[in-house]
Amino acid sequence: MGLAERPPRLVLRFALLTALCLGAGAAAILLFTRHLHTVQAEKAAAQHAEVLVQTVLADRLQASDFAAPVRGERRRELERLTRGNVLGSGAVLVTLSRFDRLVTYSTDPTMIGRRLASEARTKEVLAGTLTSDVTSIREAHTQGGRLKVLRSYVPLRSGGRVGIVGLYKDYGPIESAAREAFLPVAGILELVLVVLYILLIPLLARVSRRLRNHVERIRYQALHDDLTDLPNRLHFRTSISQSIQAARRDGSRVAVLLFDLDRFKEINDTLGHQSGDELLKELATRLRALTTERVLLARLGGDEFGIVVYGAGASVALDLAQHVRAVIEPPFLIQGIPLVIEASIGISIYPEHGDDVDALLQKADVAMYGAKDRRLGIAVYDSNLDTNTAD
């Protein structure tokens with residue numbers, strides 16, 4: 001009938017939003033964790049540089065090494081010292097400098113006599129703080145190539161010797177150490193998030209089914225009668241409207257039948273409303289067999305029922321009305337009492353009697369009360385019936 005709509009995809013949206021939030025949260029945690037492990041690896045490398053300076057170089061350096069650029073035999077001694085004991089321990093460059101940042105010795109001769117670029121770092125070293133940063137230097141074995149390094153400045157104050165030892169370590173092993181520490185954490189976190197989401201899937205599926213069933217139940221109740229489970233007035237009017245639209249396209253007809261039960265009020269008053277409801281349910285059970293793809297039966301309220309037939313003219317509608325009366329004719333056994341009931345049926349046809357829902361219902365209603373007043377049983381709308389008043 002074109003009435004149904006897809007239930008709201010709230011659960012699907014929730015699942016997607018949850019996945020996005022989990023993904024964003026995981027990315028943030030992973031970035032923070034990677035940064036933390038990188039900082040820890042850099043700190044460990046800087047501390048190793050400090051230990052290396054204090055244990056290998058401190059006792060072998062002279063105050064004059066920091067006073068002015070080192071030359072001659074002393075420079076060759078420092079080269080042997082640094083290359084044999086420091087550069088083989090992960091360092092790629094060693095510098096000695098005064099506290100005014102002038103480089104007095106370096107394993108890279110081009111740096112001797114120049115000043116360190118970072119004045120702020122030098123001030124930190126003057127305060128006795130081990131400092132480090134990430135930079136890049138010219139790689140000796142390539143033309144124009146740059147090597148990423150961790151530069152550590154170690155303050156040296158011992159035996160009258162004052163100065164700064166700069167130790168440049170290849171950043172590759174530091175990155176590897178940070179990555180090795182990070183990957184297990186990342187793997188465990190991703191596994192936990194995946195397991196969590198997998199565990200959510202059955203829950204989301206159950207919630208989705210319940211929500212879908214709930215929506216379908218609400219929709220069904222909105223379009224069906226609680227007592228008889230037949231389509232209700234809203235469903236009936238919608239069906240007439242859709243049938244009219246289809247008939248306009250196809251050049252076809254639509255028949256609308258309205259009927260109610262004669263003396264139903266007397267049954268209610270005599271046997272009670274419970275018996276009346278039982279009668280209506282039994283009647284709905286009998287009439288339900290009339291419904292087909294082109295025929296819709298509805299309870300409109302009280303003892304009033306309606307039928308809409310697509311593609312039917314007056315003759316087909318009359319045959320159907322006779323069939324309805326024949327189905328109703330056998331007695332109904334209610335609380336052990338056989339009840340014989342009759343129905344008055346009014347018929348209107350699209351487009352002869354109207355081209356909209358209200359017009360067809362009004363004309364069928366007039367015909368029904370005309371059939372009741374004249375004891376015809378069945379009546380097709382006629383303008384002469386408009387003068388009759390319903391009892």
Colleague: Here's a test for you: under side chain to side chain contact (heavy atoms under 4.5 Å, CB included), which of T104, V70, D65 qualifies with R75?
Modeller: V70

Colleague: Would you find a donor on one side and an acceptor on the other, under 3.5 Å apart, between the side chain of D250 and the backbone of S252?
Modeller: no

Colleague: Please check: side-chain N/O of H353 versus main-chain N/O of I349, any donor-acceptor pairing under 3.5 Å?
Modeller: yes

Colleague: If you take all heavy atoms of V254 and A247, which pair is closest and at what distance?
Modeller: CG2-CB, 3.8 Å

Colleague: Answer yes or no: is there a donor N or O on one side and an acceptor on the other, between the side chain of S176 and the main chain of G172, under 3.5 Å?
Modeller: yes

Colleague: Could you give the distance from CG (D133) to CG (L150), rounded to the nearest 0.5 Å?
Modeller: 7.5 Å

Colleague: Of all the heavy-atom pairs spanning I345 and A371, show the shortest one and how long it is.
Modeller: O-CB, 3.8 Å

Colleague: Looking only at non-hydrogen atoms, find the nearest pair between S348 and K363 and report the distance.
Modeller: CB-CB, 3.8 Å

Colleague: Give the C-alpha distance, both sets of side-chain angles, the deciding distance and a yes or no for side chain to side chain contact (heavy atoms under 4.5 Å, CB included) between V327 and H323.
Modeller: CA-CA 6 Å; V327 168; H323 192 180; 3.7 Å; yes

Colleague: Are any side-chain N or O atoms of T292 and backbone N or O atoms of V295, one a donor and one an acceptor, separated by less than 3.5 Å?
Modeller: yes

Colleague: Please say whether the positively charged group of R286, taken as NZ for Lys or CZ for Arg, lies over the ring of F332, i.e. under 6.0 angstrom from the six-membered ring centre and within 45 degrees of the axis.
Modeller: yes

Colleague: Is there side-chain contact between L279 and F264, with heavy atoms separated by less than 4.5 Å?
Modeller: yes

Colleague: Are L300 and I244 in one and the same hydrophobic cluster, where Ile, Leu, Val, Met, Phe, Trp and Tyr link if side-chain heavy atoms are under 4.5 Å apart?
Modeller: yes

Colleague: Apply side chain to side chain contact (heavy atoms under 4.5 Å, CB included) to Q274 and E278, showing your working.
Modeller: CA-CA 6 Å; Q274 185 176 355; E278 187 66 27; 5.9 Å; no

Colleague: Enter the distance from L320:CG to I347:CD1 here, rounded to the nearest 0.5 Å.
Modeller: 8.0 Å

Colleague: Can you check salt bridge (charged side-chain N to carboxylate O under 4.0 Å, His left out) on R219 and E216, steps first, answer last?
Modeller: CA-CA 5 Å; R219 180 182 294 117; E216 292 296 337; 3.0 Å; yes

Colleague: Are H48 and K169 packed together at the side-chain level, in the sense that at least one heavy-atom pair is separated by less than 4.5 angstrom?
Modeller: yes

Colleague: State, with a plain yes or no, whether a side-chain heavy atom of Q245 is found less than 4.5 Å away from one of S241.
Modeller: yes

Colleague: Specify the closest pair of heavy atoms between L261 and A343, including all atoms of both residues, with the distance to one decimal.
Modeller: CD2-CB, 4.3 Å

Colleague: Is the shortest side-chain heavy-atom distance between N268 and D303 below 4.5 Å?
Modeller: no

Colleague: Using every non-hydrogen atom in the two residues, find where A255 and G313 come nearest and quote the distance to one decimal.
Modeller: CB-O, 4.5 Å

Colleague: Can you confirm whether more than 12 heavy atoms, excluding those of E329, are under 6.0 Å from its CD atom?
Modeller: no

Colleague: How close do D356 and D358 get, counting heavy atoms only, and between which atoms?
Modeller: OD1-N, 3.2 Å

Colleague: Look at the side chain of N213 and the backbone N and O of R209, then say whether any donor-acceptor pair between them is shorter than 3.5 Å.
Modeller: yes

Colleague: With a 4.0 Å cut-off on N to O distance, would you call E79 and R76 a salt bridge?
Modeller: no

Colleague: Between atom CG of D365 and atom CD of Q362, what is the distance when rounded to the nearest 0.5 Å?
Modeller: 7.5 Å

Colleague: Please check if L290 and L318 belong to a single hydrophobic cluster, counting links between Ile, Leu, Val, Met, Phe, Trp and Tyr side chain heavy atoms closer than 4.5 Å.
Modeller: yes

Colleague: Would you say the side chain of L258 lies within less than 4.5 Å of the side chain of E304, judging by non-hydrogen atoms?
Modeller: yes

Colleague: When hydrophobic residues are tied together by side-chain contacts of less than 4.5 Å, even through go-betweens, does V53 share a cluster with Y105?
Modeller: yes

Colleague: Using a 3.5 Å distance criterion without hydrogens, assess whether the side chain of R98 forms a donor-acceptor pair with backbone atoms of A67.
Modeller: yes

Colleague: Passes side chain to side chain contact (heavy atoms under 4.5 Å, CB included), T107 versus V86? Steps please.
Modeller: CA-CA 11 Å; T107 53; V86 181; over 6 Å; no

Colleague: Test salt bridge (charged side-chain N to carboxylate O under 4.0 Å, His left out) on E352 and R253; report intermediate values, then the result.
Modeller: CA-CA 9 Å; E352 289 92 327; R253 292 180 172 182; 2.9 Å; yes

Colleague: Kindly check if the number of other-residue, nucleotide or ligand heavy atoms within 6.0 Å of CZ (R288) is above 12?
Modeller: yes

Colleague: Side-chain contact test, heavy atoms from C-beta onward, threshold under 4.5 Å: evaluate it for S136 versus V149 and give yes or no.
Modeller: no

Colleague: Using side-chain heavy atoms (C-beta onward) and a distance below 4.5 Å, is L81 in contact with L57?
Modeller: yes

Colleague: Can you tell me how far apart CG (L227) and CZ (R299) are? Round to the nearest 0.5 Å.
Modeller: 5.0 Å

Colleague: Might you work through the side chain to side chain contact (heavy atoms under 4.5 Å, CB included) test for R115 and V103, ending with a clear yes or no?
Modeller: CA-CA 6 Å; R115 293 187 182 274; V103 177; over 6 Å; no

Colleague: Side chain of H214, backbone of R210: donor and acceptor closer than 3.5 Å?
Modeller: no

Colleague: Determine whether R80 and E73 satisfy the following criterion, salt bridge (charged side-chain N to carboxylate O under 4.0 Å, His left out), listing intermediate values before the conclusion.
Modeller: CA-CA 11 Å; R80 288 192 294 270; E73 182 61 27; 3.4 Å; yes

Colleague: Return the orientation label for the F305 and F259 ring planes: parallel under 30°, perpendicular over 60°, tilted otherwise.
Modeller: parallel

Colleague: With a 4.5 Å cut-off on side-chain heavy-atom distances among I, L, V, M, F, W and Y, is there a chain of contacts connecting V309 to I378?
Modeller: yes

Colleague: Nearest 0.5 angstrom please: D108 CG to Y168 OH, how far?
Modeller: 9.5 Å

Colleague: Under the 3.5 angstrom rule, does the side chain of T228 hit a backbone N or O of D225 as a donor-acceptor pair?
Modeller: no

Colleague: State whether the number of non-hydrogen atoms from other residues, nucleotides or ligands found under 6.0 Å of Q221 atom CD is greater than 12.
Modeller: yes

Colleague: Kindly work out whether a path of hydrophobic side-chain contacts (I/L/V/M/F/W/Y, heavy atoms less than 4.5 Å apart) joins I164 to I137.
Modeller: yes

Colleague: Distance check, rounded to the nearest 0.5 Å: T95 atom OG1 versus I112 atom CD1?
Modeller: 10.0 Å

Colleague: Please confirm whether the backbone N or O of K281 pairs with a side-chain atom of T285, one donor and one acceptor, at under 3.5 Å?
Modeller: yes

Colleague: Under 4.5 Å between any side-chain heavy atoms of S344 and D260, yes or no?
Modeller: yes

